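See below for the structure under consideration.
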Amino acid sequence: MNEFDLIKQYFRNVSPVVEGTTLGNGDDCALLQLKPNQTMAVSVDTLVEGVHFPCGASANDIAQRALRTALSDLAAMAATPRWVTLALTLPQHNSDWLSAFSEGLRADLHAFNCELIGGDTTRGALTISVQVMGVVENYPALTRAGAKVGDGIFVTHTLGNGAASLLQVLGKLQSLALPNALCSELDDLFYRPELAFYVAQQLHAVATSAIDISDGLVADLKHICTASGVGAKVNVAQLPYSATAKSLAKGIENTALNSERLTAQQLLQQWALYGGDDYQLCFTAPAHAVAELKEQTPLAATQIGVVVAEQGVQLHNNGQALAVQHKNGYTHFE
Ligand SMILES: Nc1ncnc2c1ncn2[C@@H]1O[C@H](COP(=O)(O)OP(=O)(O)O)[C@@H](O)[C@H]1O
Ligand SMILES: Cc1ncc(C[n+]2csc(CCOP(=O)(O)OP(=O)(O)O)c2C)c(N)n1
Ligand SMILES: [Mg+2]
C-alpha cells in the first residue's frame, strides 16, 4: 500500500465537513473561506533526516529547504504566503545548530514575506514539519481538478535540478572531481529550490489546474489527471532541462556512475520524469491563452504536452511512443 492509498483508506473521510471548507483533503493545500473574495490556503509538509535531506546537512540549509518545499504547495494554488508554524523534533539541544537553523529560517521568512506564528518543539529523531498558510484574493485558487481535454500541459522554469542536486548532496559525484562552482551550485539548488510564485501569479487567470512537482513529473501529473478525470500526452522532446542538470548529465555520461549506459539526454529525461524534488509547477491551460500572455510579458513556462480524454499519462518522443516506468515517482511506502 503506497502513501496515497494509506491516506485514502485511513484519513480521507474520518471527519465531519465543517462550515468554511472550500476544498478539503486531496489537493496541494486545503482552501478555507475567510471572506467572500478571500480564501486561505493551508498545507503541512515534513522533512525527515535521511529521507528528505542527507544526514549531517547544515542546519541553515535544512531550515531553508524545509520552508521552501512547504511553500511550494502555496505556489501551486497561486496563493500568497502569509503565516508559518514550525514543529521541530531535535535529537539534542545544540546551540550552534539552533543558531544556524534560526538564521537560515529568518533569511527565507523575510525573502518570502511570511511570519512564524507558532509551532512545537520536541526531542527525538531530527524531523521538521512546516505548516504554511497563504491567501488567495479576488480570484479562484488553482487546484489539481479542472484540466480540460485539449488544454496544453506546461511546466514552470526547468526540470532536473532536484535529481541532479540530490546526487551531489548524497556525495555520489565525488569521483568526478567536479569544479567547486558546480558543486556549490548543486548544493544551492537542493537546499534553496527556486519556487514558481511569480509564474503562478502571472497565469492564475488562464490555468485550469496546477500541482507542484515533488515526487516526479509523471507521478504528479497523474494526480492532475485523476482529479480532473482526464489523461495526459507528454512529448519528452519538449521537456525543458536546467543548464546545471545538462552540465551534470554530460559530466556523468561516460563514467562508471552511469551504470545503465544512458545518453546524457536519457539521463536528463529520467531525472525530469521520475526524479522528483524539483518543486516547479505542472499546470494545464489553453495553449492560445498562454501564448497571448507570453506576447505581453516573459513567462517562464514551457508546453510539454496536451490533455487528452484517455485516462493516464502517455509519453512519446516526437510521436514515437515511450513506455512509462512502473515506479514513476517517489513514494514513501510501497
Ligand atoms: N495523515 C494525513 N491526514 C490527512 N490528510 C493527509 C495526510 N497525509 C496527507 N494528506 C493529504 O493528502 C494529500 C496528498 O498528500 P501529499 O502527497 O503529501 O501532498 P503534497 O505533495 O501536496 O504535499 C494532500 O491533500 C494532503 O493534505
Ligand atoms: C536523503 C534524500 N534521499 C532521497 C531524497 C528524494 N526524495 C525524498 S522524499 C521525495 C519526494 C517528496 O517528498 P514528499 O514527502 O513526498 O513530499 P510531498 O509530496 O508531500 O510534498 C524525494 C524525491 C531526498 N530528497 N533526500
Ligand atoms: Mg505533503
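Counting starts at 1 for both ligands and their atoms, following the listed order. A quick note: this is a predicted structure, and the numbers were derived from the prediction, not measured.
Of all the heavy atoms of Leu170, the ones lying under 4.0 Å from any atom of ligand 2 belong exclusively to the side chain. Only the side chain of Ile7 comes within 4.0 Å of ligand 1, counting heavy atoms alone; its backbone N, CA, C and O stay farther away. Only the side chain of Leu166 comes within 4.0 Å of ligand 2, judged by heavy-atom distances.
Excluding water, every protein N/O/S atom under 2.8 Å from the Mg ion (ligand 3) is given here by residue and atom: Asp45 OD1.
Taking the side chain to side chain contact (heavy atoms under 4.5 Å, CB included) definition, one finds that Ser72 meets it with Leu195, Asp212, Tyr279, sequence neighbours left out.
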Pairs of donor and acceptor atoms involving the side chains of residues 320-329, under 3.5 Å and at least two apart or interchain, shall be tabulated with distances.
{"from": "Gln325", "atom 1": "NE2", "to": "Gln270", "atom 2": "OE1", "distance (Å)": "3.4"}
{"from": "Lys327", "atom 1": "NZ", "to": "Gly329", "atom 2": "O", "distance (Å)": "2.7"}

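The option from Phe53, Phe4, Phe190, Tyr274 that lies nearest to atom 1 (C) of ligand 2, judged by heavy atoms, is Phe53. If you check each of Thr46, Thr69, Val51 against atom 2 (C) of ligand 2, the one with the closest non-hydrogen atom is Val51.
When distances from atom 16 (P) of ligand 1 to the protein are checked, no heavy atom turns up under 4.0 Å.
For atom 11 (C) of ligand 2, the nearest non-hydrogen atom of the protein is Asp215 OD1, 3.2 Å.
Residue-ligand proximity: Arg144 is placed with a non-hydrogen atom under 4.0 Å from ligand 1. Put simply, part of Phe4 is less than 4.0 Å from ligand 1, judged by heavy atoms.
In this structure, Thr284 contributes its side chain and Ser209 its backbone to a donor-acceptor pair below 3.5 Å.
Residues in residues 38-61 take part in these ring pair (Phe, Tyr, Trp, His ring centres under 6.0 Å) pairs, two or more places apart or across chains: His52-His332.
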